[in-house]
Amino acid sequence: QVQLMESGGGLVQAGGSLRLSCAASGRTLSMYAMGWFRQTPGMEREFVAAFTWSGGSTLYSDSVKGRFTISRDNAKNVVYLQMNSLKPEDATVYYCAADLSKDYSHDYYYTLTTSYDSWGQGTQVTVSS
C-alpha cells in the first residue's frame, strides 16, 4: 500500500493560481499511474488529470485542459497539479490517487475512480469571484 497526502489548497481569487502537491510514502510512485480528481458535496468524484502507467502520457478533463498541468518529481515522490486561471467553478475538494495494480490498455480507464487503489484525504480549493 501507499499513503498519499495532498497539500497546497487554499483561497485564491478568480484568475489566480495554486499548486497542489501529493506526497507519497510507502512506495515509489514513478512507474504507477497517478490521478487528480475533485468532488463537490453531493456530486460524484470528477476526473481532473492523470499520468498513465509508467508516465507514458498525461490526460486532462476538457474543463481544465490548457489551464491545469500535472507533473511529478520522482526524486521526491511527489505529484503536482499546477492550476492556473482558476474559476469559481474549480472550487471544491481535490484528491490525488494512485493506481498500483493495473496498466490499462485504454486511457479512458484512468479517468475512472474505480481504477485507483489508494486515495489521499483531499485538500480544499476555494476561488473567490
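Bear in mind that the values here come from a model prediction, so they are computed numbers and not experimental data. Note: hydrogens, waters and symmetry copies are ignored here, and every other heavy atom, side chains too, is used.
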Would the distance check show the side chain of Thr52 and the main-chain N or O of Ser57 forming a donor-acceptor pair, the cut-off being under 3.5 Å? yes

Side-chain donor/acceptor of Thr92 to backbone N/O of Thr40, under 3.5 Å: yes

Write out all pairs satisfying ring pair (Phe, Tyr, Trp, His ring centres under 6.0 Å) with one or both partners inside residues 63-96, taking only residues at least two apart or from two chains. none

Is it the case that atom CD in Gln3 sees more than 12 heavy atoms from other parts of the structure closer than 6.0 Å? yes

Go through it in stages, so that I can follow the logic: the residues are Asp99 and Tyr104, the test is side chain to side chain contact (heavy atoms under 4.5 Å, CB included), and I'd like the CA-CA distance, side-chain angles, deciding distance and then a yes or no. CA-CA 10 Å; Asp99 163 25; Tyr104 293 96; 3.6 Å; yes

Separation between CE (Met34) and CG (Leu81), nearest 0.5 Å, reads 11.5 Å

Taking every heavy atom of Ser17 against every heavy atom of Asn84, the minimum-distance pair comes out as OG-OD1, 2.9 Å

Thr113 to Trp119 - nearest heavy-atom pair and separation: O-CZ2, 3.6 Å

When clusters are formed by joining ILVMFWY residues with side-chain heavy atoms under 4.5 Å apart, either directly or through shared neighbours, do Met83 and Val78 land in the same one? no

Begin with the C-alpha distance, continue with both residues' side-chain angles, and end with the deciding distance and a verdict on side chain to side chain contact (heavy atoms under 4.5 Å, CB included) for Ser63 and Glu46. CA-CA 11 Å; Ser63 61; Glu46 173 193 17; 3.9 Å; yes

As an exercise, state the distance from OG of Ser118 to CZ of Arg27, rounded to the nearest 0.5 Å. 7.5 Å

Rounded to the nearest 0.5 Å, what separation is found between the OG atom of Ser128 and the CG atom of Leu86? 10.0 Å

Which heavy atom of Gly122 sits nearest to which heavy atom of Glu6, and what is that distance? N-OE1, 2.8 Å

Counting C-beta onward and ignoring hydrogens, is there a side-chain heavy-atom pair between Tyr60 and Thr69 closer than 4.5 Å? yes

Excluding sequence neighbours, so at least two apart, what forms side chain to side chain contact (heavy atoms under 4.5 Å, CB included) with Tyr108? His106, Thr111, Leu112

Hydrophobic cluster of Met43, others only, ordered by chain and residue number, side-chain cut-off 4.5 Å: none

Distance-only, no hydrogens or angles: does the Gln121 side chain make a donor-acceptor pair with backbone N or O of Met5 under 3.5 Å? no

When rounded to the nearest 0.5 Å, the distance separating CH2 of Trp53 from CG of Leu100 is 7.0 Å

Residues Ser30 and Thr28: side-chain donor-acceptor under 3.5 angstrom: no

I would like to know whether Cys96 and Val79 meet side chain to side chain contact (heavy atoms under 4.5 Å, CB included); could you show each step before the answer? CA-CA 8 Å; Cys96 71; Val79 176; over 6 Å; no

Excluding sequence neighbours, so at least two apart, what forms side chain to side chain contact (heavy atoms under 4.5 Å, CB included) with Ala24? Val2, Leu4, Leu29, Asn77

Would you check if Tyr110 and Tyr116 make a side-chain contact, meaning some heavy-atom pair closer than 4.5 Å? yes

For residues Ser129 and Ala14, report the shortest heavy-atom separation together with the two atoms involved. CA-CB, 4.3 Å

Could you report the tightest heavy-atom contact between Trp36 and Cys22, atom names first, then the distance? CZ2-CB, 3.6 Å

For Asp90, the salt bridge (charged side-chain N to carboxylate O under 4.0 Å, His left out) test, sequence neighbours excluded, returns Arg38, Arg67

Please enumerate all residues that pass salt bridge (charged side-chain N to carboxylate O under 4.0 Å, His left out) together with Lys87, with sequence neighbours excluded. none

